[in-house]
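Worksheet: one structure, shown below.
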Amino acid sequence: MPPAEMPKTYSPGEIEPRVYAHWEAAGYFAPGAPGTPDAQSAPGAKGEAHYCIVIPPPNVTGTLHMGHAFQDTIMDALTRTHRMRGERTLWQPGTDHAGIATQMVVERQLEAEGIRRTQLSREAFVERVWAWKEQSGGTIGRQMRRLGASVDWSRERFTMDADLSRAVIEAFVRLHERGLIYRGKRLVNWDPKLLTALSDLEVLSSEEQGSLWHLRYPLVPGDAGAVSTGSPESPVAAATSATPGYLVVATTRPETLLGDTAVAVNPHDERYRALIGRRVRLPLTGREIPIIADDYVDPAFGSGCVKITPAHDFNDYAIGRRHDLPLINVFTPDARLNDAAPEALRGLPRFTARERIIEQLTAQGLIERIEPHMLMIPRGDRSGEVIEPYLTDQWYVSIAALAGPAIAAVESGRVRFVPENWSKTYFQWMHNIQDWCISRQLWWGHRIPAWYDDAGNIYVARSAEQASAQAHARHGRDVPLRQDPDVLDTWFSSGLWPFSTLGWPDATPELASFYPTDVLVTGFDIIFFWVARMIMMGLAFMDEVPFRAVYVHGLIRDAEGQKMSKSKGNVIDPIDVIDGIELPALLAKRTAGLMQPHLAASIERATRRQFPNGIAAHGTDALRFTFAQLATQSRDLRFDLARVDANRKFCNKLWNVARFALGTLASVAQEVPSAAAATATATAPPMFSAADRWIRSRLGATIEAVDQAVAEYRFDLAASALYEFTWNELCDWYVEIVKPALRPEAQAEARAAARATLGSVFETLLRLLHPLMPFITEEIWQRLAPLVGVTGRTIMLAPWPRAADFPRDAEADAEIGWVRAVVEGVRQIKGEMDIAMRRVPLLLGHAGHAELERLRRHGPLLSYLAALSEIRVLAPDEAAPPAAVALVGELTLLVPMAGLIEPASELARLEKLVQKNRQELARARAKLGNQEFVHNAPADVVTQERERLVDFERREVGLERQIQQVRVLAQQSEPGERRGGAAGATRASAEGAP
RNA sequence: GGGUGCUUAGCUCAGCUGGUAGAGCGUCGCCUUUACACGGCGAAUGUCACAGGUUCGAGUCCUGUAGCACCCACCA
């Protein structure tokens, strides 16, 4: 519980951990926590409403970065909103075992101890990984708690938990039973460093500088004329040349030459037509290989001849299949030349082998030429190693049957992408999807549930016993089996996450209640990796989509738009933004454990420049509000600490207005009508002032705006609506307006109305802000609620505000709009004249009946807000004294200049106003002068334009008249004031002189 | 090669179904006014990338161009 007195200073570091601990201990995060607002009693809410989000599971041994914190904020805001709406709400937490990533971390730890993974047994190594998981696994939980994430911790899951592992095996077996999983020897993406296969998605290609080697493959003498080629300038001459006798092939990978089993040309390429079917002698090996024709070959590229290495290139593999070519594997798993290579080259690493082969070819005169060449190099996303297409036995998911329904689900709108555009990206990938290689040659992960007997027969089963039983049935006796050593791709288990976490394959109540989940919140970078696969798996096993919507957000970058990365040294830890960090600690953090230690110095310099004093503590609420503001539809979201700083000030503002509100409400709590009574004043009984009705009306509009923004996942718009209302309407105007009414000497009824309004509006605002700023709102609400007659143990479970309780009040809006306009008119004069603090008299000219009425109602208020010494209405025929002027509709506001305002300054100010007005006037006139506009535009637009014109004309007249008057004054005072006068004023008076 | 997005104030970005260009930060004045100097009041600042088109009217819709990002893809 918070201290009884509200401390003068807002201290998020004290409030936030305490409040979170209280929530967690009270069990408020679980669906249907006691005291949760009842969905069925809330009008408009669906009965038995459920809401569920599953968290994208972060790597269990990792730490949360800015992107996670952003994502968690969005999910928490959604979760809290729906929970307050009275829906049974579950935010399902958990972590991922992240196969390769985690295994690599542990391997590196072992290396530091001088141990190689392969020196340990598999069991010992896996035990090490578990130990590391136990040791580091708490970090994410601590971070999420600090972020205020209201996940149901009692349901926390890990992809390698027994339950989830059972789900993985079940899924594998079922897919296998349906014929959708198969094992096959194919060319895969092989990582020669990690010694495992990878899926297509785990390979990143980037352009790198390389060479194009033009190699001469001698023709085997035959009956047709020998041909020399490779001279693009004279292909025809070459074709008829009698010079023997080689073909030139262009390659970026000469070392694979040893595995060539053909040379291909385009069947329509006249240069080589005659050679099709003949043979070349493969250099260094002496093997003879055929010249074949295939449409794949582009005659315009290189020499028009392609060496075909089916065992080491995906295209060549396809060509090899078409032409029934043999596959010759020349590499070992770690990409050294194997025994298929000539003895002198065996055992050489691939790039050394390349150099050696080039040397040998050069020596034999078989290099035609070497060109620099940019090419796409595939690298493993984890190891960074150049990927080798490599022939191995792997497990695949046959994807076509799964992709069809997954495409249909998005087409039909059963899954909706937000923003909608991302569905295009999804479709594009899904329509070109390839079978998914799911086996990995790792030790950390879900072991593939397949067993082999000595004859190589495969038994896919849920357990070793089942497999044995199958083998027994087959052989009629027990046979020894060994389990497949491979594990599954991490994303296989991730694909099951939306239902495996809810208990599948068992038919649990949670699964029935919360599947399909409502929304997946994720970055666009894992649409293919994860989103698509969840949709396919969900449809395959649950016969239903895993989520109704996919909210795709942008990626958090640093203030300069750079991706945050360890090697760039620009990473900002969300916790450091919350709690602050001293410069030395920050420097240490950024320069420790760098892959390239030489970057440390420049990282340190940049960090010192950007954060000379480290990072100040901002608190979670300020950070979360910043994330909300960042949640635009943009792909790149720049994280700038200046914004967090601004939002800390916003928190401070909220804190201080709370101190004010609590101060006034606490003193006389018994006077305050109950919130229920205040809420029941939709018909605006007389005791409420226009300001009371206005702020309620504005609150209603804000609730609507927030509701709409949240429904569209536009948290940026929600945040700005909240900011605007809180600061610019509630604090700047309403609180100022009601201060007089709250004074002890004020009229009791008005005071009670003001207190009730302030109390209910502020209490409602706290609820509206809560999903984005959970801590400060709870801290204030705990103190405020009792004072306004609101019961409930926590704001977390208080009902979500309803716009209908705060209906729009056009009359009050107009009334306060007028007050604001008058006050701003006076303030503008005073501000411009640097006399803001002086009390000045205000004269009113051209006051109509309506204005007089308003003046009667709000005179004291105007005096208070604009700091007026008196207000006097000029009689119709009364001449106004020299004055600075502002116009509000027909009303003229006059602040007498006498002794306060220099005529020259006022003249300058008026000139500026009149200039602006003239532009508007001209535009409006032109518009209305255009008959086509008058005829074609909607009537209300034309009417509005006419009204504007009238207003501009009135201003024009008023300002001109005023300028004439002030000019006279300015001329009178000019001799002594020439130097002091503003340039514009001087010019104006010069122009004005006859 | 295919696809997607972006270009609005000095900076970072909003601008919904076309109808008076906005916010935050920064800048410049004035102000210790009893919630807040983490504050108050006021001010300045835009050829909405460019060129066409549709329309009475375009930051907004259409076409094209340029620049900048990103994604997918097997050209040796």
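Letters A, B, ... mirror the listed sequences (proteins, then strands); counts begin at 1.
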- [ ] Let me know the distance between CD1 of Ile319(A) and P of rC75(B), rounded to the nearest Å.
- [x] 13 Å
Task: Sole candidate of Glu953(A), Glu920(A), Glu945(A) that passes salt bridge (Lys or Arg N to Asp or Glu O under 4.0 Å) when paired with Arg925(A) - done: Glu953(A)
TODO: Write down the distance between CG (Leu913(A)) and C1' (rG42(B)), rounded to a whole number of angstrom.
DONE: 13 Å
Open item on the list: Distance check, C1' atoms only: rU32(B) and rC38(B), in whole angstrom units.
Closed with: 15 Å
TODO: Return the orientation label for the Phe650(A) and Phe625(A) ring planes: parallel under 30°, perpendicular over 60°, tilted otherwise.
DONE: tilted
- [ ] Look at all strands and tell whether Phe528(A) reaches a base, only sugar-phosphate, or nothing, counting heavy atoms closer than 4.0 Å.
- [x] sugar-phosphate
Task: Residue Asp298(A), side-chain atoms from C-beta onward, closest of rG42(B), rA76(B), rG40(B) - done: rA76(B)
TODO: Would you tell me if any nitrogen or oxygen in the side chain of Lys739(A) comes within less than 4.0 Å of OP1 or OP2 on rU33(B)?
DONE: no
Open item on the list: Using OP1 and OP2 only, check whether a side-chain N or O of Gln828(A) sits under 4.0 Å from rA43(B).
Closed with: yes
Task: Interatomic distance, Asn315(A) CG vs rC74(B) C1' [rounded to whole Å] - done: 3 Å
- [ ] Give the rounded distance in Å between these two atoms: CG of Leu555(A) and P of rC71(B).
- [x] 10 Å
Open item on the list: Taking the P atom in each of rC11(B) and rU27(B), what is the distance between them to the nearest angstrom?
Closed with: 15 Å
TODO: Would you indicate what Met833(A) reaches in the nucleic acid, counting non-hydrogen atoms under 4.0 angstrom: base, sugar-phosphate, or nothing?
DONE: nothing
Task: Separation of atom CD in Glu932(A) from atom P in rU54(B), rounded to whole Å - done: 13 Å
TODO: Could you label the plane-to-plane angle of the Phe70(A) and Phe627(A) rings as parallel, tilted or perpendicular, counting under 30° as parallel and over 60° as perpendicular?
DONE: perpendicular
Open item on the list: Of the options rG42(B), rA35(B), rC36(B), whose atoms approach the side-chain atoms of Glu832(A) most closely?
Closed with: rG42(B)
- [ ] Looking at every strand, decide which applies to Asp313(A) at a 4.0 Å heavy-atom threshold: base, sugar-phosphate, or nothing.
- [x] nothing
Task: Side chain proximity check, Val418(A) to Val550(A), heavy atoms < 4.5 angstrom - done: no
- [ ] Quick one: label Ser634(A) by what it contacts on the DNA or RNA (base, sugar-phosphate, nothing), any heavy atom closer than 4.0 Å.
- [x] sugar-phosphate
- [ ] Please tell me which of the listed nucleotides, rA14(B), rC38(B), rA35(B), lies nearest to the side chain of Asn656(A)?
- [x] rA35(B)
Open item on the list: Rounding to an integer number of Å, can you tell me how far Asn421(A) CG sits from rG5(B) P?
Closed with: 4 Å
TODO: With the side chain counted from C-beta on, respond yes when Lys739(A) and Phe660(A) share a heavy-atom pair under 4.5 Å apart, and no when they do not.
DONE: yes
- [ ] Between rG40(B) and rG46(B), how far apart are the C1' atoms? Round to whole Å, please.
- [x] 28 Å
Open item on the list: Below the 4.0 Å mark, does rC25(B) have OP1 or OP2 next to a side-chain nitrogen or oxygen of Arg648(A)?
Closed with: no
- [ ] Return no unless some side-chain N or O of Trp727(A) is found under 4.0 Å from OP1 or OP2 of rA35(B).
- [x] no
Task: Nearest-Å distance once atom C1' is located in both rU55(B) and rU63(B) - done: 16 Å
TODO: May I have the distance from Ile433(A) (atom CD1) to rC74(B) (atom P), rounded to whole angstrom?
DONE: 14 Å
Task: Polar side-chain contact Arg638(A)-rU12(B) base: donor and acceptor under 3.5 Å - done: no
TODO: Select base, sugar-phosphate, or nothing to describe what Thr425(A) touches, counting heavy atoms under 4.0 Å on all strands.
DONE: nothing
TODO: Could you work out which one of rG19(B), rC70(B), rG29(B) sits closest to the side chain of Asp834(A)?
DONE: rG29(B)
Task: Nucleotide nearest Ala642(A) (side chain, heavy atoms from C-beta), chosen from rC25(B), rC36(B), rA14(B) - done: rC25(B)
Open item on the list: Distance check, P atoms only: rG59(B) and rG53(B), in whole angstrom units.
Closed with: 15 Å
Task: Side chain of Lys649(A) - closest among rA14(B), rG39(B), rC36(B) - done: rG39(B)
Open item on the list: What I want to find out is whether Asp951(A) reaches Arg954(A) closely enough, with some N-O distance under 4.0 Å, to be called a salt bridge.
Closed with: yes
Task: Ala250(A) side chain, from C-beta outward: closest of rC36(B), rA76(B), rG42(B) - done: rA76(B)
Open item on the list: Any side-chain N or O of Arg923(A) below 4.0 angstrom from OP1/OP2 of rA21(B)?
Closed with: yes
Task: For RNA chain B, the dot-bracket pattern of Watson-Crick and G-U pairs whose distances stay under 3.5 Å, | for other-strand partners - done: ((((((((.[[[[.)...(..]]]].(((((.......))))).....[[[[[..)....]]]]])))))))....
Open item on the list: Measure CG/Leu665(A) against P/rA35(B) and give the value in whole Å, please.
Closed with: 14 Å
Task: Asn936(A) side chain near rC56(B) phosphate (N/O to OP1/OP2, under 4.0 Å) - done: yes
Open item on the list: Do Asp716(A) and Thr632(A) pair up side chain to side chain, a donor and an acceptor below 3.5 Å, judged on atom types alone?
Closed with: no
Open item on the list: Using a 4.0 Å heavy-atom cut-off, does Cys651(A) contact any base of the nucleic acid, only the sugar-phosphate backbone, or nothing at all?
Closed with: nothing
- [ ] Pick the P atom in rU60(B) and in rU7(B), then give their distance to the nearest Å.
- [x] 12 Å
Open item on the list: Rounding to an integer number of angstrom, what distance separates rC62(B) and rC6(B) when you compare their P atoms?
Closed with: 12 Å
Open item on the list: The side chain of Gln428(A) is closest to which nucleotide in this list: rG2(B), rU34(B), rA35(B)?
Closed with: rG2(B)
TODO: State, with a plain yes or no, whether a side-chain heavy atom of Asp294(A) is found less than 4.5 Å away from one of Arg322(A).
DONE: yes
Task: N or O in side chain of Lys916(A) less than 4.0 angstrom from rA44(B) OP1/OP2 - done: yes
Open item on the list: Are Ser905(A) and Met833(A) packed together at the side-chain level, in the sense that at least one heavy-atom pair is separated by less than 4.5 angstrom?
Closed with: yes
- [ ] Compare all side-chain heavy atoms of Trp733(A) with those of Asn728(A) and state whether any distance is below 4.5 angstrom.
- [x] no
Task: Side chain Lys563(A) and base rA69(B) donor-acceptor under 3.5 Å - done: no
TODO: Tell me which nucleotide among rA76(B), rC36(B), rG15(B) gets nearest to the side chain of Arg714(A).
DONE: rG15(B)
Task: Distance, C1' atom - from rA66(B) to rC31(B), rounded to whole angstrom - done: 50 Å
Task: Contact under 4.0 Å: Asn930(A) side-chain N or O vs rG57(B) OP1/OP2 - done: no
Open item on the list: Does rA76(B) have its OP1 or OP2 closer than 4.0 Å to a side-chain nitrogen or oxygen of His373(A)?
Closed with: yes
Task: Any Thr632(A) side-chain N or O less than 4.0 Å from OP1/OP2 of rA14(B) - done: yes
Task: Residue Leu717(A), side-chain atoms from C-beta onward, closest of rA14(B), rG42(B), rU12(B) - done: rA14(B)
Task: Check: Arg253(A) and Thr309(A) side chains under 4.5 Å, non-hydrogen atoms - done: no
TODO: Check every strand shown and say whether Arg253(A) touches a base, only sugar-phosphate, or nothing at a heavy-atom separation below 4.0 Å.
DONE: nothing
TODO: Let me know which of Lys653(A), Gln629(A), His618(A) forms a side chain to side chain donor-acceptor pair (under 3.5 Å) with Asn647(A).
DONE: Gln629(A)
Task: Base rA35(B) paired with Glu736(A) side chain (donor-acceptor, <3.5 Å) - done: yes
